[in-house]
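Everything below concerns the one structure shown next.
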Protein chains: 2
Amino acid sequence: MDIEAALKRCPLFSGLEDREITEIEAISASKRYPKGTSIFSEDQEAKGFFVVISGRVKIYKLSPEGKEQILHIISPGQTFAEAALFDGSTYPAFAESLAETRVLYFPKESFVNLIRKNPQMSLNMIASLSHWLREFVSLVEELSLKDVSARLSQYLMDLSAQSGRSSERGIEFKLDISKSQLASQLGTISETLSRALRKLRDRRIIEVEGKKITILQKDALEEISLGIPL
Amino acid sequence: MDIEAALKRCPLFSGLEDREITEIEAISASKRYPKGTSIFSEDQEAKGFFVVISGRVKIYKLSPEGKEQILHIISPGQTFAEAALFDGSTYPAFAESLAETRVLYFPKESFVNLIRKNPQMSLNMIASLSHWLREFVSLVEELSLKDVSARLSQYLMDLSAQSGRSSERGIEFKLDISKSQLASQLGTISETLSRALRKLRDRRIIEVEGKKITILQKDALEEISLGIPL
DNA sequence: CCATCGGTTTGATTTAGGTCAATTTTAGGT
DNA sequence: ACCTAAAATTGACCTAAATCAAACCGATGG
């Protein structure tokens with residue numbers, strides 16, 4: 001994807017004039033990260049924020065024993081670390097590229113100035129932060145109040161809604177990340193995820209072939225995602 | 001606390017002129033909730049947001065089986081539900097008064113207009129949302145990566161830092177909520193919290209007398225909060 | 001074509017923490 | 001001060017999920 005296209009479909013910059021987009025592009029720097037590169041670390045000074053142009057970035061926390069909790073996976077057109085610029089002076093988590101990734105980097109100073117001068121961008125930023133907040137509320141809910149099967153089912157429902165195609169057997173789609181990364185996003189480990197997938201498969205609710213998932217019984221999957229016991 | 005004082009110490013309105021504060025007060029409505037009253041429910045249409053003048057409000061989620069996860073407890077001078085106005089059309093959680101509570105209520109329409117017209121308020125709002133976001137990151141981290149003892153220890157450390165007074169034995173303070181509410185804030189249940197407190201007491205790290213806590217070994221408590229096993 | 005190295009699956013076992021039930025303590029209302 | 005109801009504690013038990021260990025893919029590069 002080219003830079004201008006990515007900026008234009010980024011919610012943070014929506015509703016802006018072309019000349020404003022150009023101005024924005026001017027204060028940014030393009031950066032490239034090979035797969036598996038650290039973009040920043042927890043507690044590092046937050047000197048800027050990022051827009052993903054291509055590739056994927058995971059934002060995550062680590063426990064002292066090394067267990068990983070993915071907070072979010074950022075796709076092209078999405079921003080990350082913007083909140084770190086406005087509260088505290090450090091990044092609150094780690095960021096690492098999941099694939100070869102291109103980003104635009106906006107240094108704190110010039111970006112904050114931009115926001116100050118541009119009321120539309122302030123409102124976009126408020127909307128974007130509010131959206132993030134709702135996602136986190138939902139993540140907390142899932143981690144605290146739902147079991148692994150329910151979290152997995154919810155994830156499959158969401159993914160099928162956004163990228164599923166219906167076939168003869170049911171709704172079909174591909175997992176967009178590895179299963180161990182998925183485990184870490186669901187707040188569990190690969191072994192447990194593997195067993196949860198197997199349970200769904202044994203009950204003929206889904207089919208699994210590598211990364212390809214077919215949902216055979218959408219209603220059953222939804223019930224499980226709502227916490228009706230397996 | 002009187003209304004103007006509460007507004008003035010509310011971060012959302014900081015840096016505003018007195019006449020602006022007056023204007024803000026004009027679009028708000030004062031409401032009163034006896035202890036234990038529902039202020040709004042999850043999925044209810046978000047028609048406005050709130051500033052707490054006096055009392056306390058808990059924001060929480062419920063599982064289908066009725067387990068409660070407190071997301072935040074709001075104290076005087078703090079706002080809540082502001083994000084709901086800018087993303088989606090419903091409240092993402094429940095809100096209930098923990099004590100006799102006075103709030104100012106701002107209808108969505110007029111508040112959004114206010115924000116649009118007032119760049120300083122936009123920036124305050126961005127700061128406030130960013131701050132919430134950081135808190136949620138930390139909540140997710142604790143729920144997913146730390147055990148109950150670590151979460152409890154962290155909570156006690158935080159509370160002692162903001163309201164502790166040092167005595168001969170150690171740092172002394174009072175829990176600001178009931179233990180069952182604390183359990184629900186830590187993502188556990190009262191029985192488990194009770195046992196976690198007992199373990200700390202048995203090891204002479206803290207003393208507990210009702211709501212009064214004395215931290216005897218701050219360093220040990222900190223280690224536990226960081227996840228060094230008990 | 002084979003060796004290799006993640007990622008994945010499976011089984012056996014352990015454990016933190018939730019559930020259930022009974023008791024004790026505390027706090028608010030009259 | 002007393003009575004009741006809610007909150008807190010304790011014990012016995014159970015379960016979901018983590019841990020440990022081993023085997024099993026499937027892609028990648030020599």
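Because only heavy atoms are used, hydrogens play no part in the values below, and waters and symmetry mates are left out as well, while side chains stay in. Just so you know, these numbers come straight off a predicted model, no measurement behind them. Chain letters run A, B, ... following the sequence lines, proteins first and then strands; every chain starts at 1.
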Report all interatomic pairs (protein N or O, nucleotide N or O of nucleotides 19-24 of chain C) with separations under 3.5 Å.
{"unit_1": "C:dT19", "atom_1": "O4", "unit_2": "B:Arg195", "atom_2": "NH2", "d": "2.9"}
{"unit_1": "C:dC20", "atom_1": "N4", "unit_2": "B:Glu191", "atom_2": "OE2", "d": "3.3"}

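- By the 30° and 60° cut-offs, the orientation of the rings of B:Phe94 relative to B:Tyr60 is parallel.
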- Task: Would you please test A:Ile39 and A:Phe80 for side-chain contact (heavy atoms from CB on, under 4.5 Å) and show each step?
- Result: CA-CA 11 Å; A:Ile39 298 176; A:Phe80 64 100; 4.3 Å; yes

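- Sequence neighbours left out, the pairs with a member in residues 176-196 of chain B that pass salt bridge (charged side-chain N to carboxylate O under 4.0 Å, His left out) are B:Arg56-B:Asp176.
- When each of B:Arg151 and B:Lys35 is assigned the nucleotide of DNA chain C with its nearest heavy atom, B:Arg151 is the one assigned upstream, toward the 5' end.
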- Trace of the salt bridge (charged side-chain N to carboxylate O under 4.0 Å, His left out) decision for A:Glu68 with A:Lys61: CA-CA 6 Å; A:Glu68 174 186 282; A:Lys61 283 272 186 180; over 6 Å; no

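- Among the atoms of the strands shown, only primed sugar atoms or phosphate atoms (P, OP1, OP2) are found under 4.0 Å from some heavy atom of A:Gly187.
- Residues satisfying the ring pair (Phe, Tyr, Trp, His ring centres under 6.0 Å) criterion with A:Phe49, sequence neighbours excluded, are A:Phe106, A:Phe111.
- Residues satisfying the side chain to side chain contact (heavy atoms under 4.5 Å, CB included) criterion with B:Thr37, sequence neighbours excluded, are B:Tyr33, B:Pro34, B:Ser97.
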Hey, what are the protein-to-nucleotides 1-5 of chain D N/O distances that come in under 3.5 Å?
none

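- In this structure, A:Arg198 reaches the C:dT10 phosphate: one of its side-chain N or O atoms is under 4.0 Å from OP1 or OP2.
- As rounded to whole Å, 20 Å separates atom P of C:dA16 from atom CG of A:Leu143.
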Extract from the structure each pairing of a protein N or O with an N or O of nucleotides 5-8 of chain C at less than 3.5 Å, listing the distance.
{"unit_1": "C:dT8", "atom_1": "OP1", "unit_2": "A:Lys179", "atom_2": "N", "d": "2.9"}
{"unit_1": "C:dT8", "atom_1": "OP2", "unit_2": "A:Lys179", "atom_2": "N", "d": "3.2"}
{"unit_1": "C:dT8", "atom_1": "OP2", "unit_2": "A:Ser180", "atom_2": "N", "d": "2.7"}
{"unit_1": "C:dT8", "atom_1": "OP2", "unit_2": "A:Ser180", "atom_2": "OG", "d": "3.0"}

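- Taking the six-membered ring for Trp and thresholds of 30 and 60 degrees, B:Trp132 and B:His72 have ring planes inclined between 30 and 60 degrees apart.
- Sorted by first and then second residue, the salt bridge (charged side-chain N to carboxylate O under 4.0 Å, His left out) pairs with a member in residues 83-94 of chain B read A:Arg134-B:Asp87; sequence neighbours excluded.
- Applying the salt bridge (Lys or Arg N to Asp or Glu O under 4.0 Å) test to B:Arg32 and every residue at least two apart in sequence or in another chain returns B:Glu100.
- In this structure, A:Thr188 has no side chain to side chain donor-acceptor pair (under 3.5 Å) partners at least two apart in sequence or on a different chain.
- Each end of the helix from C:dC1-D:dG30 to C:dT30-D:dA1 gets its own axis from five base pairs, and the two axes differ in direction by 50°, given to 10 degrees.
- Between B:Phe40 and B:Tyr91, the angle of the ring planes stays under 30°, which puts this pair in the parallel group of the 30/60° scheme.
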- Task: Show your reasoning for whether salt bridge (charged side-chain N to carboxylate O under 4.0 Å, His left out) applies to A:Asp202 and A:Arg198.
- Result: CA-CA 6 Å; A:Asp202 288 350; A:Arg198 180 149 237 296; 3.1 Å; yes

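- Residues forming a side chain to side chain donor-acceptor pair (under 3.5 Å) with A:Ser128 (at least two apart in sequence, or on another chain): A:Glu82.
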Protein-nucleotides 24-30 of chain D N/O pairs under 3.5 Å:
none

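- With respect to the salt-bridge test (charged N to carboxylate O, under 4.0 angstrom), the residues B:Glu207 and B:Arg201 do not qualify.
- A salt bridge is absent between A:Lys218 and A:Glu222: the closest approach of a Lys/Arg side-chain nitrogen to an acidic carboxylate oxygen does not fall below 4.0 angstrom.
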